Amino acid sequence: MTASVSPSVTDAYEMVVGLEVHVQLNTHTKAFCNCSTEYGRPPNVNTCPVCLALPGALPVLNAAAVRLGVIAAHALECRINCTSIFARKNYFYPDLPKGYQISQYDKPLAEHGRLMIGSTADGQPIYVGVTRVHMEEDAGKSIHDRYSGVTAIDLNRAGVPLIEIVSDPDMRSSREAGAYLRVLKQILEFCEVSDVNMEEGSLRVDANVSARLKGETTLGTKTEVKNMNSFSGVERALEAEFARQCAALARGEPIEQQTMLWDGHKGEVRPARTKEGSHDYRYFPEPDLPPLVLAQAWVDEIKTHLPELPRARRQRLAAEYSLGSDDVEVLTATPALADYFENVARASDDAKAAANWVRGTVLAALNAGAGDIRTFRVRPADLAQLLRLVKDGALSHSAAKTVFGEMAESGQRPEQIAQRLGVLQERDEGAIEQWVAEVLAEHPGEATRFLGGEKKLQGVLVGFVMKKSGGRADPKRVNQLLSSRIAG
Amino acid sequence: MTAVADAFRRMSEVRAGAEGLNIVLSSDERAALNEERESASRAAGAPARPTLAGVPVAVKDNIATLSLATSCGSRILEGYVSPYEATAIAKLRAAGAIVVAKTNCDEFAMGSSTEHSAYGPAKNPVDPRLVPGGSSGGSAAVVAAGITRMALGSETGGSVRQPAAFCGVVGVKPTYGRVSRFGLVAFASSLDQIGTFGATVDDAALALETIAGVDLLDATTADEPVPHYGDSRTERLDGVVIGKPREYFPDSLDPRVRALCDRSLDHLRALGAQVRDISMPHTDLAIPVYYIIAPAEASSNLARFDGVRYGLRIEGDGLRGMYEATRSKGFGAEVVRRILLGTYVLSAGYYDAYYKQAQGVRALIAKDFRDAYASGITAMFTPTTPTPAFAIGAKSADPYEMYLSDIFTVTANLAGVPAMSVPIGRVDNLPIGGQILAKHFDEPAMFRVAYALERALGAEARS
Amino acid sequence: MAVTRDDVEHIARLARLALSDAELPQLTEQLNGILGHMDVLQRVDTRAVLPAAGVGDAGMRLRADDGPPTPLARGRASFAPETRDGFFIVPRLATHENASADDAGGADE
Ligand SMILES: [Mg+2]
Ligand SMILES: [Zn+2]
């Protein structure tokens, strides 16, 4: 179903989008058993009687999952239910070991939140409502393409704790949906609730989309779009599904409530092949788990100690370090990057240089494959030291770049490297004067012409001095010394 | 002869296996004797002798043990040996007890006669033409046959007390949350509880004391101290108020059963107890409530038996075909019936009318108990069952007829209160049980009445 | 609220139970018989009571985010019907008969 619809058709309609985001919580162990949540282990190694659903095994909820869920709910400005109830969502699937998913249904962990996704032209904030945040467990993985004719089941992920964040149908374009996702991802990252890594599946997005004539106030029939594995994929999938719906509506055809799958390679959506049987999940309260009761004081305490959220952090960085909004945007992309910048800025006492270096050289190194800022070999204190050497004139800017490259390779301290490379600038007057005198003596022709007033030879002579000094002479000083010879 | 060797001798004497009473599904004499020797040497080195050192215990086949199969009386788990062990079993073994047999039961504990076992009906040692009751019929029968003095069963609606009554032994269902369910294969999680059988009140109490207590692996266990139930042993009941709920003594009750109850109540009065008529107005709703809630939870609990990770797998057309073939051939008729019933009452459009309404009525039944205890009652006394054991096959035609044999026992499961059955005499030479109930976690009061009654009845309990 | 044969077929599908044509009428009748006894509940006024889901109104006990899981005394292959390279193996779902790498994600129903 390719979207070959003319803009005039879609122009008449408005897109209405609500998003359901599943986020893996950053815990050591699973939601209901002590199995490790480590990613990338051999199949079924992280399983036990509970997550294999062996006969007689029972779930016990992980306190850390509750804590992270409450932090996320606070960050999304939700009202937290001090009593929430787990329920069973019953369906058969080979990667769902118990035949039901433990989730929350009637009484979720939190409700009625909101997320600011940007502002209007006149500076008014644009909010998207958060309907609910509930806790649940992940399913395992069904791998259909590994062996011919059979499906392989890996339950390492089964039982990993998730929160599901359901938005109100408040978004009106794929761009708004993209903005919601980027803001949400950043908030969750700043709260250290999740790794929010779409490739490893720690953040997954389903979208509910409908179309209606502009000016209409009732909602049209929605479809659910699944199988997107990037934010831009979500945006493209929404456009494709919206175009498909608009075309159908324009032809006078009703929209069928169904699940659509996004095919990123073909850039199109197609209906999920109807699954056998109907969706009747037979929810009922999970009898193995009493209600989750949270003390109000504890809930409030978590709110008080909430990590600094992205918007607050941007405001503080701009004020505290006198940075432009462009710098702030880049430097607060992730909390780890912002931490890194702040550590460099404080230790070097030169926020402007720190911003330039982190934005430029550091990000370039990371993009070139030096990996993650959290494990980057150049520690903030060392980068600050490098900046200080430049500021003090002990290192030329280009030598500093070379030293930085070595630091990123070896993790050694900047003075060590500079010394080894012999690029520390010599500021001893006597040594520089000695080199200048020697160069003049070794190149009598050039010396005579220069001293005779041929000033354009100064550059050549500086080059000789620099070469002789092995680059250690401060070129500024060499120039001064040579100029003074003519003057004198 | 050691206690374990004696248990095996008795097992063969009464022909406990499939060729005879069919009350034992699996046992391993050599392994049990080895374990007994190890237990003895451990006990010799220990500062205090473990409470159950060398004591043989039989265990219902729906409780996970590491060494013998845990089939739940079902074909779907035929030969399945659990790779982990139930908390109750770990506690028994830590106390020195030796598991000598896994006992026959209704499939997944669904039944009241141990006829619904994939491995054939169990027979009552009192009279092999009769059922031993169920679903823990095998465990009750093993104690009744003198193979062990203690056994574990499980209760969802009377599955320990009813077979205890039918076989003439003591059976205890503790307060919900008193004993860990970790390793008890779930039937209806909000009702299930491991219970104990004993040749005497003391045996059943000691077994319970051993397995009771909070368990970090079961979120529904209560962090309540475990009393020493033997301290409840008493001769007098002064100050004790026994409630006699009229709904448990309907006009239709067999007058001989009523007479045995009256005899027991006379004994209790003679020991100083006061007997008070009370009313539990929602009692007649218990069976309908139970047969909505229990199948609903069961339909979900039994979804894990899907042929994917363990147990039986029968191939069919694709994945759905495998699921359907495995489950249809692996589950017996009664289990299929209850899964269908439970799926129906939870399905879209029926949830409110059935499941939700049943939970509401369940709360009313629990309130009956709260109100009774709030009025100053210490314990209650009722018959455990309306009749003695019935003949094998007698109640197979109408499932609901069978369900009614739990009529006096399901209320305790719905309310979560402790209850037990003690032998109080015989009708047509068949054992009759009297039921003693107490309030949540007041097993000591329940045992107090039971100890006193057992002593007062003496040999009358068997006549 | 009479249960029809269609209802029974529907719930059997949901519960992954295959019923033969011979079993259906009898089961339909039995379920109607049993549910008939439940009708008495519809007349009870439960508005005044809070539905009791069981015990634990004080809230559930949580576990710490560490510690080893309950160990398996025997390997997964010892109790699984079919394994390969550590995976549990099942027949392929009908909707994934022509599985390719694109479809490899686990979808819920
Ligand atoms: Mg979900
Ligand atoms: Zn696990």
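Note that the structure is a prediction, hence the values are computed from the model and not measured. Protein chains get the first letters and strands the later ones, always in sequence-line order, with residue 1 at the start of each.
- More than 12 heavy atoms of other shown residues, nucleotides or ligands fall within 6.0 angstrom of atom CD in Q258(A).
- Between M60(C) atom CE and D288(A) atom CG the span is 10.5 Å, to the nearest 0.5 Å.
- We find the CG-OG1 distance between N44(A) and T83(C) to be 9.0 Å, quoted to the nearest 0.5 Å.
- Proximity to chain C is absent for every atom of R67(A), based on heavy atoms less than 4.5 angstrom apart.
- At a 4.5 Å heavy-atom cutoff, the contact between R63(C) and chain A is made by backbone and side-chain atoms alike.
- Surrounding OH of Y105(A) are at most 12 heavy atoms belonging to other residues, nucleotides or ligands under 6.0 Å away.
- Contact annotation for L54(A): only side-chain heavy atoms (C-beta onward) come within less than 4.5 Å of a heavy atom of chain C.
- For a residue to count as touching a neighbouring chain, one of its non-hydrogen atoms must lie under 4.5 Å from one of that chain's; by this rule A139(A) does not touch chain C.
- Both the backbone and the side chain of P49(A) come within less than 4.5 Å of a heavy atom of chain C.
- Using modelled atom types, one side-chain atom of R92(C) and one backbone atom of Y147(A) make a donor-acceptor pair closer than 3.5 Å.
- Note: I89(C) CD1 to I153(A) CD1 = 8.0 Å, rounded to the nearest 0.5 Å.
- For S148(A), the part lying near chain C is the backbone, with the side chain staying farther off; criterion is any non-hydrogen pair under 4.5 Å.
- In this structure, S142(A) OG and F87(C) CZ are separated by 11.0 Å, a value rounded to the nearest 0.5 Å.
- Among L61(A), T259(A), N90(A), the residue with the largest count of heavy-atom pairs under 4.5 Å with chain C is L61(A).
- Here the side chains of V50(A) and T70(C) are not in contact, with every heavy-atom distance at 4.5 Å or above.
- Of the listed residues (T47(A), D154(A), T83(A), L289(A)), the greatest number of heavy-atom pairs within a distance under 4.5 Å of chain C belongs to T47(A).
- In this structure the side chain of F88(C) reaches within 4.5 angstrom of the side chain of L52(A), judged on heavy atoms.
- More than 12 heavy atoms of other residues, nucleotides or ligands sit less than 6.0 Å from atom CD of E9(C).
- Using a 4.5 Å cut-off between heavy atoms, C33(A) contacts chain C through its backbone alone, with no side-chain atom that close.
- Rounded to the nearest 0.5 angstrom, H10(C) NE2 and D280(A) CG are separated by 5.0 Å.
- Neither the backbone nor the side chain of L294(A) comes within contact range of chain C; no heavy atom of the residue lies under 4.5 Å from a heavy atom of that chain.
- Around the NE2 atom of H22(A), the shell of radius 6.0 Å holds more than 12 heavy atoms that belong to other residues, nucleotides or ligands.
- Side-chain atoms of D65(C) never come within 3.5 Å of backbone atoms of N62(A) as a donor-acceptor pair (strictly under, hydrogens ignored).
- Put simply, the side chain of L72(C) does not reach to within 4.5 Å of the side chain of C48(A), judged on heavy atoms.
- Contact of A31(A) with chain C is made through the backbone alone, with heavy-atom distances under 4.5 Å.
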